[in-house]
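In this chain, residues are counted from 1 in sequence order. Everything quoted here is computed from the prediction, not taken from an experiment. When a ligand or atom number is given, it counts from 1 through the structure's own listing order.
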Amino acid sequence: MSQRISRRELLRVLGVSGLSAGLGGALAGDSAWADEPRPSSGFTGSVVKDKVLQSTATCPVLVNGEVIQPQRKLSLLDSTDVLVVGGGPAGVAAAIAAKRAGAEVTLVERYNHFGGLWTGGLVLIVIGHMVEGPKQVCMGIGEEMMRRLEKCEGGIMNRGSGLNPTVDAEALKYVMLDMIQEAGVKVFLHCWGVDAVMDGQAVCGAVFESKSGRQAILAKNVVDATGDGDLFAAAGAEFEHRTYNIGLVSRIGNLDKVDPALAKQSPKPRGLGSPTPIPGVNWVNMLGPESDGLDVAELSRLEMSHRQFIWKNMQKLRNTPGYEKVTLLETGPQLGVRITRALAGTQTLTHEHIRTGARFPDVVAVGGFTKPAGAEWHIPYGTLLPKTIDNVLASGRCISAALRTADSIRLIPVCFATGHAAGVAAAVAAKDGCRPRDVEVPKVQRILKEQEAYLG
Ligand SMILES: Cc1cc2nc3c(=O)[nH]c(=O)nc-3n(C[C@H](O)[C@H](O)[C@H](O)COP(=O)(O)OP(=O)(O)OC[C@H]3O[C@@H](n4cnc5c(N)ncnc54)[C@H](O)[C@@H]3O)c2cc1C
């Protein structure tokens, strides 16, 4: 039988009178404590509305064993020129670029921070922004982020010629937020893009799920920066569904406390990762098995098995002489999904294009490798454009590119370059009152160059 006890009694039983302020705050809303005087905990709370009953009129219903969603009107969360869905390297660059090009911009992200796999996935190393030594091919807004990181203590390392810089995820989250706010981009976090709003063959907004319910944002143009093409797929644009390796990145610490004399006695353990800007902290990449990043059961299975693997591996490491103090700092808050959907665009980048360093008159971004052999390659505008659906542009790792090019186009600098291009093109189309497929590409190229993008 349950029995009510007073707060004072509870604290006495717990023997934690010193905790009374904090605990009091946490318990203050409980009905059991409703009549008690409020402690001076610093917490405050109010009843916004009492006796709330949400309408169930639009709840899905079971009809002959099938779940049916009734028709319903959605409330409008916002209305804008350019809606960017996804706040990874591509989405952040797209949003800032579109705003700087003079459009009203709203950026929506499902998680609580910007950076996508670059920060939330703990993929900290930026590969491919240099070619053959000092020549840098990925410039523009992404490069601006890296310059700002240089001003943050411990924000970035290896910025030298021919190197692949490594960033600190928290510093980068801060820098991206700063840049988004400075640009004046409107932001909604904790909002999951779940559908496209259509007007015939043209996208005119997107639908989002959040704690506020299911709401729509209307827009002249939408940039799909979800990495997975969630929006262009929902709009009916053709795509290729792909499987690829899915891993989970982690960070380990106390590597500066490894005892070198003891460590010398056994072979160097595997899985020590690569240095980060924080002394004694490494990030550890994981290839993982080829799998389907659009299958939620598979994502759940991999998330759990990767976590168990990382934990057990850490215990093994700590049992290695000299490595007893090494700790697991964190596993990536975001699973390492590399490739899922690729748009079938009006142009498709092929391995041959990259291998031969092909040049296109409608170049809107340039990718590169640190090593030579076709080191610099053009990305044409058509790789961002669906074949038939209008007013939506792809950006980042889901642009139209052959499977064999995946390891080139998904690199972080390439993603911020294609995001940059999609943002400018979406803004130009919105301002000129035309479809993205009809924009004057030389105008897009001119604005990209004004925004310090490199176009070869
Ligand atoms: C394990 C691993 C290792 C890698 N190693 C490297 C490396 O060493 N160097 C390198 O340069 N690159 C590396 N990459 C690749 C690189 O990290 C990604 O390709 C790049 O971050 C993709 O950028 P993006 O903006 O296209 O997508 P993402 O980084 O995936 O960002 C997409 C954003 O959209 C949000 N989003 C997704 N769906 C929705 C939705 N429906 N509604 C709202 N928001 C949504 C996500 O939360 C995320 O913030 C690696 C990737 C992985 C997984």
Side-chain angles (χ1 to χ4, degrees), residues 83-95 106-130 138 142 146 164-167 169 172-173 176 187-196 206-210 217 222-234 244-250 273-274 283-288 291 293-294 302 306 331-343 367-370 384 394-399 401 406-420 422-423:
L83 169 63
V84 180
V85 186
V92 170
T106 300
L107 171 60
V108 186
E109 164 57 44
R110 66 178 161 170
Y111 293 141
N112 65 359
H113 61 269
F114 298 121
L117 288 166
W118 198 5
T119 56
L122 293 179
V123 174
L124 305 178
I125 190 165
V126 179
I127 295 177
H129 78 309
M130 297 260 183
C138 291
M146 301 215 276
N164 294 317
T166 298
V167 305
L172 180 58
K173 285 180 197 171
M176 284 181 158
V187 169
F188 292 102
L189 297 172
H190 303 287
C191 248
W192 196 297
V194 292
D195 219 337
V207 177
F208 296 90
E209 287 286 357
S210 72
I217 297 181
V222 174
V223 175
D224 186 334
T226 61
D228 298 316
D230 289 1
L231 260 294
F232 65 62
Y244 218 79
N245 298 83
I246 300 181
L248 182 63
V249 180
S250 53
S274 318
W283 74 285
V284 185
N285 204 346
M286 184 204 279
L287 179 66
S291 188
L294 299 179
L302 289 172
H306 285 353
T331 46
Q334 212 167 313
L335 191 64
V337 175
R338 292 175 170 90
I339 292 286
T340 52
R341 293 189 186 96
L343 179 74
F369 296 120
T370 320
L384 316 183
S395 64
R397 60 186 167 88
C398 56
I399 63 166
D407 288 338
S408 307
I409 59 99
R410 68 185 181 86
L411 293 173
I412 290 161
V414 182
C415 289
F416 59 59
T418 56
H420 194 165

Any N/O of Y111 closer than 3.5 Å to an N/O of ligand 1? no
C398 and ligand 1 - part of the residue with a heavy-atom distance under 4.0 Å: neither
Any salt bridge linking R341 with D230? Criterion: basic side-chain nitrogen under 4.0 Å from a carboxylate oxygen. yes
Honestly, for V194 the part within reach of ligand 1 (heavy atoms, under 4.0 Å) is neither
For the pair W118 and F416, name the ring-plane relationship: parallel under 30°, tilted 30 to 60°, perpendicular over 60°. tilted
Specify the protein heavy atom at minimum distance from atom 5 (N) of ligand 1: its residue, its atom name, and the distance to 0.1 Å. V123 CG1, 3.3 Å
Close-contact set for ligand 1 against A90 heavy atoms, below 4.0 Å: 25 (O)
Min over A225, G396, G86 of heavy-atom distance to atom 32 (C) of ligand 1 lands on A225
Which protein non-hydrogen atom lies closest to atom 31 (O) of ligand 1, naming both residue and atom, and how far is it? G88 CA, 3.5 Å
Test of proximity, D230 against ligand 1: N or O pairs below 3.5 Å: yes
Should the proximity of I246 to ligand 1, defined as any heavy atom under 4.0 Å, be assigned to the side chain, the backbone, both, or neither? neither
Protein residue, atom and distance nearest to atom 42 (N) of ligand 1, heavy-atom basis: G193 N, 2.8 Å
What part of V85 sits under 4.0 Å from ligand 1 if we count only heavy atoms: the side chain, the backbone, both or neither? side chain
So which heavy atom in the protein is nearest atom 19 (O) of ligand 1, and how far is it from that ligand atom? R410 O, 2.5 Å
So CG of N112 and NZ of K173: to nearest 0.5 Å the spacing works out to 6.5 Å
Shortest reach to atom 53 (C) of ligand 1 by a heavy atom, considering only G120, G91, G336, C138: G336
For the 3.5 Å polar cut-off, considering only N or O atoms, please tell me whether D228 and ligand 1 meet it. no
Atom 27 (O) of ligand 1: of R397, E209, Q334, H190, the nearest heavy atom sits on R397
Atom indices of ligand 1, in the order listed, that fall short of 4.0 Å to a heavy atom of C191: 43 (C)
How many angstroms lie between atom CG of N285 and atom CD1 of I125, to the nearest 0.5 angstrom? 9.0 Å
Can you tell which part of I412 has a heavy atom less than 4.0 Å from ligand 1: side chain, backbone, both or neither? both
Per-residue contact class, C415 against ligand 1 - non-hydrogen pairs under 4.0 Å: side chain
Ligand-side contact atoms (ligand 1) for residue partner V249, heavy atom cut-off under 4.0 Å: 1 (C)
Identity and distance of the protein heavy atom lying nearest atom 36 (N) of ligand 1: R110 NE, 3.4 Å
Would I125 count as being in polar contact with ligand 1, using the rule that some N or O on each side must be under 3.5 angstrom apart? yes
the protein heavy atom lying closest to atom 48 (C) of ligand 1 turns out to be E109 OE1, 3.4 Å
Among protein heavy atoms, which lies nearest atom 39 (C) of ligand 1, and at what distance? T226 CG2, 3.6 Å
Any idea which part of W192 is under 4.0 Å from ligand 1, heavy-atom wise: side chain, backbone, both or neither? both
After noting the C-alpha distance and the side-chain angles of R397 and D228, does the key distance pass the side chain to side chain contact (heavy atoms under 4.5 Å, CB included) rule? CA-CA 8 Å; R397 60 186 167 88; D228 298 316; 3.0 Å; yes
For G87, counting its heavy atoms only, list the atoms of ligand 1 lying under 4.0 Å from any of them. 33 (C), 34 (O), 49 (O)
Short list, please: which atoms of ligand 1 are under 4.0 Å from a heavy atom of G116? 29 (O), 31 (O), 48 (C), 49 (O)
Which residue and non-hydrogen atom of the protein lie closest to atom 29 (O) of ligand 1, and at what distance in Å? L117 N, 2.9 Å
